[in-house]
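By convention here, the first residue in the shown sequence is residue 1.
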Amino acid sequence: MKHSCFALAFSLFLLFTACNGVLGKKESPEGQTVENPSTNIKPQLLQDYYTMEDEQPAITGEIKDGSLWLTFHKDQILAVGIVDEDSYRLADGPIQMEGLIGVPKSFIIADIGQDYNPILCVLTSEGKVQILNLWNTVSTGDIEVTELPMDDIIGFKAAPGGPWEDEDGTTYYEYTTIYGIDSKGVEHEIPLYLLDNDLEFVENVNGSDVAYQLHLSEAWKIQYVAGYYLSEKVEEMRGRFWPIKEDWDKMIFTFGYELTTDIGYTGEDVQTKEINRTGVFEIQRPNFDVETHIVVPLEGVDFANKGMNVPVPFNPAGAYGG
């Protein structure tokens, strides 16, 4: 693991340089910042993200001409082992990020977790916080950010998370993370979705295996697909979701969602239209030794055509079904 625990008793020098972690990353010497007099928060307009090589970044971000551009340095990314030459999905040169609600005002690229896991967080002129998992971008080509339900955020910072104390009272940290800072200076940890990403329920209907799939990304994108198992799709809807309530002791999680794109499949035709469907669903993981997730639609879409409030066992599936 790249990130080890950080002790509060460490010196400031060690805290900012040890373990090759987020706190030890170099900032671009040419980084441009603009002072916010009322809060002392400096919006980040240019940043380099480093992995295994301290002298050459793996990703460079820049806010320029009202847009956010990322440049991915292929040689540095391939060295990490996330993808290989055949599965790398990005073109050379700066890539403009899509889906921003407003004009980007500040951003950060930093790891969330115990290893290299670069997450892009953007603050826009509309006060929106939007994120993107950049390893997912590398492997899929997805460059559209997702909105988080966070208000009154004026800036970001990378720092340790998950504090705990040993018997001597020394504080350690379990991982590194990103915090959104509000106008009062309170830090709010940027959440990620941490359960299984690809879930599927399959049943036989009139002699055919029908599959219902939920694809839930770490950065809060939701994709619902219904169709025939290992065969053609019938319906697909995409959007975003967010946590409403999380009970890690009972392993019961409630999420809200908003579906904004509907993709209909009729023969060889594919029809895409904008929609606005909202809802709530629950995921239960009653037995951690069993991979089955119990999905309960509470409002909105009936994910498995079994009725609302009916628990349905979804099992892990491949990202594209089966």
Side-chain angles (χ1 to χ4, degrees), residues 1-4 19-22 24-28 46-62 67-100 107-122 130-146 148 158 175-178 190-200 213-223 225 230 233 236 238 240-241 291 316-322:
M1 291 293 181
K2 182 185 67 167
H3 299 299
S4 60
C19 305
N20 272 337
V22 167
K25 291 186 183 298
K26 296 180 180 179
E27 296 300 327
S28 169
L46 178 64
Q47 185 198 348
D48 286 329
Y49 168 84
Y50 295 85
T51 52
M52 303 174 71
E53 173 59 58
D54 288 340
E55 300 303 322
Q56 182 175 340
I59 304 169
T60 298
E62 181 179 15
S67 298
L68 175 58
W69 301 82
L70 297 188
T71 301
F72 295 82
H73 304 281
K74 186 175 180 181
D75 57 338
Q76 295 297 310
I77 292 170
L78 293 181
V80 178
I82 299 299
V83 293
D84 58 22
E85 188 81 35
D86 293 333
S87 57
Y88 186 85
R89 292 290 180 265
L90 298 176
D92 295 334
I95 299 171
Q96 184 177 358
M97 297 297 100
E98 297 180 353
L100 288 167
F107 76 99
I108 190 173
I109 301 171
D111 297 310
I112 296 182
Q114 295 179 325
D115 211 332
Y116 295 119
N117 185 33
I119 302 296
L120 168 70
C121 293
V122 189
Q130 297 183 265
I131 71 170
L132 185 64
N133 182 320
L134 297 183
W135 279 168
N136 183 68
T137 295
V138 167
S139 62
T140 67
D142 181 14
I143 56 174
E144 185 171 351
V145 295
T146 310
L148 290 180
Y175 53 88
T176 57
T177 190
I178 301 172
I190 299 295
L192 297 181
Y193 173 74
L194 300 176
L195 303 177
D196 279 11
N197 300 112
D198 303 297
L199 300 172
E200 181 177 65
Q213 298 175 342
L214 282 174
H215 303 293
L216 306 166
S217 81
E218 188 180 46
W220 304 104
K221 294 182 180 180
I222 182 171
Q223 178 185 13
V225 180
L230 296 179
K233 300 176 183 178
E236 180 177 349
R238 299 178 181 179
R240 68 185 182 101
F241 72 114
E291 293 185 325
Y320 300 101

Q: Could you tell me whether a side-chain N or O of Trp135 sits under 3.5 Å from a main-chain N or O of Tyr116, the two making a donor and an acceptor?
A: yes

Q: Say you draw a straight line from CG of Asp196 to NE2 of His215; how long is it, rounded to the nearest 0.5 Å?
A: 12.5 Å

Q: Report yes or no: does Gln56 contribute a side-chain atom to a donor-acceptor pair with the main-chain N or O of Gln76 at less than 3.5 Å?
A: no

Q: Kindly compute the distance separating CZ (Arg240) from OG1 (Thr146), expressed to the nearest 0.5 Å.
A: 9.0 Å

Q: In Å, rounded to the nearest 0.5 Å, how long is the span from CG of Leu70 to CG of Leu134?
A: 6.0 Å

Q: Show your working on side chain to side chain contact (heavy atoms under 4.5 Å, CB included) between Lys221 and Arg238 and close with a plain yes or no.
A: CA-CA 8 Å; Lys221 294 182 180 180; Arg238 299 178 181 179; over 6 Å; no

Q: Kindly give the heavy-atom pair with the smallest separation between Leu216 and Phe241, and that separation in Å.
A: CB-CZ, 3.7 Å

Q: Which pair of heavy atoms, one from Pro191 and one from Ile131, lies closest together, and at what distance?
A: O-CD1, 4.3 Å

Q: Rounded at 0.5 Å granularity, tell me how far CG in Asn197 sits from CG in Leu214.
A: 11.5 Å

Q: Stepwise, does the side chain to side chain contact (heavy atoms under 4.5 Å, CB included) test hold for Val122 with Met97?
A: CA-CA 10 Å; Val122 189; Met97 297 297 100; over 6 Å; no

Q: Could you give the distance from CD (Gln213) to CD (Glu200), rounded to the nearest 0.5 Å?
A: 4.5 Å

Q: Do Ile119 and Glu218 have side chains that approach each other closer than 4.5 Å (heavy atoms only, starting at C-beta)?
A: yes

Q: For Asp84, look at atom CG and say whether over 12 heavy atoms of other residues, nucleotides or ligands are found less than 6.0 Å away.
A: yes

Q: For residues Ile178 and Cys121, report the shortest heavy-atom separation together with the two atoms involved.
A: CD1-SG, 3.9 Å

Q: Are Asp111 and Tyr49 linked by a side-chain donor-acceptor pair shorter than 3.5 Å?
A: yes

Q: Counting only N and O atoms by type, is there a donor-acceptor contact under 3.5 Å from the side chain of Tyr88 to the main-chain atoms of Ala91?
A: no

Q: Going through the distances and angles, do Ile77 and Leu90 end up as a side chain to side chain contact (heavy atoms under 4.5 Å, CB included)?
A: CA-CA 11 Å; Ile77 292 170; Leu90 298 176; 5.7 Å; no

Q: Report the residues that fulfil side-chain contact (heavy atoms from CB on, under 4.5 Å) with Asn136, sequence neighbours left out, ordered by chain and then residue number.
A: Asn133, Ser139, Thr140, Asp142

Q: Could you pull out the closest heavy-atom pair between Pro94 and Thr71, with the gap in Å?
A: CA-OG1, 3.4 Å

Q: Show the numbers, then the answer: is there a side chain to side chain contact (heavy atoms under 4.5 Å, CB included) between Glu85 and Leu78?
A: CA-CA 7 Å; Glu85 188 81 35; Leu78 293 181; 3.5 Å; yes

Q: Taking Ser67's backbone N and O only, do any of them form a donor-acceptor pair with Gln96's side chain (distance below 3.5 Å, no angle check)?
A: no

Q: Which value, rounded to the nearest 0.5 Å, describes the distance between Leu132 atom CG and Phe107 atom CZ?
A: 13.0 Å

Q: Which atom pair, heavy atoms only, marks the closest approach of Tyr50 to Glu55?
A: CE2-C, 4.0 Å

Q: Which pair of non-hydrogen atoms, one from Ile109 and one from Pro118, has the smallest distance, and what is that distance?
A: CG2-CB, 4.0 Å

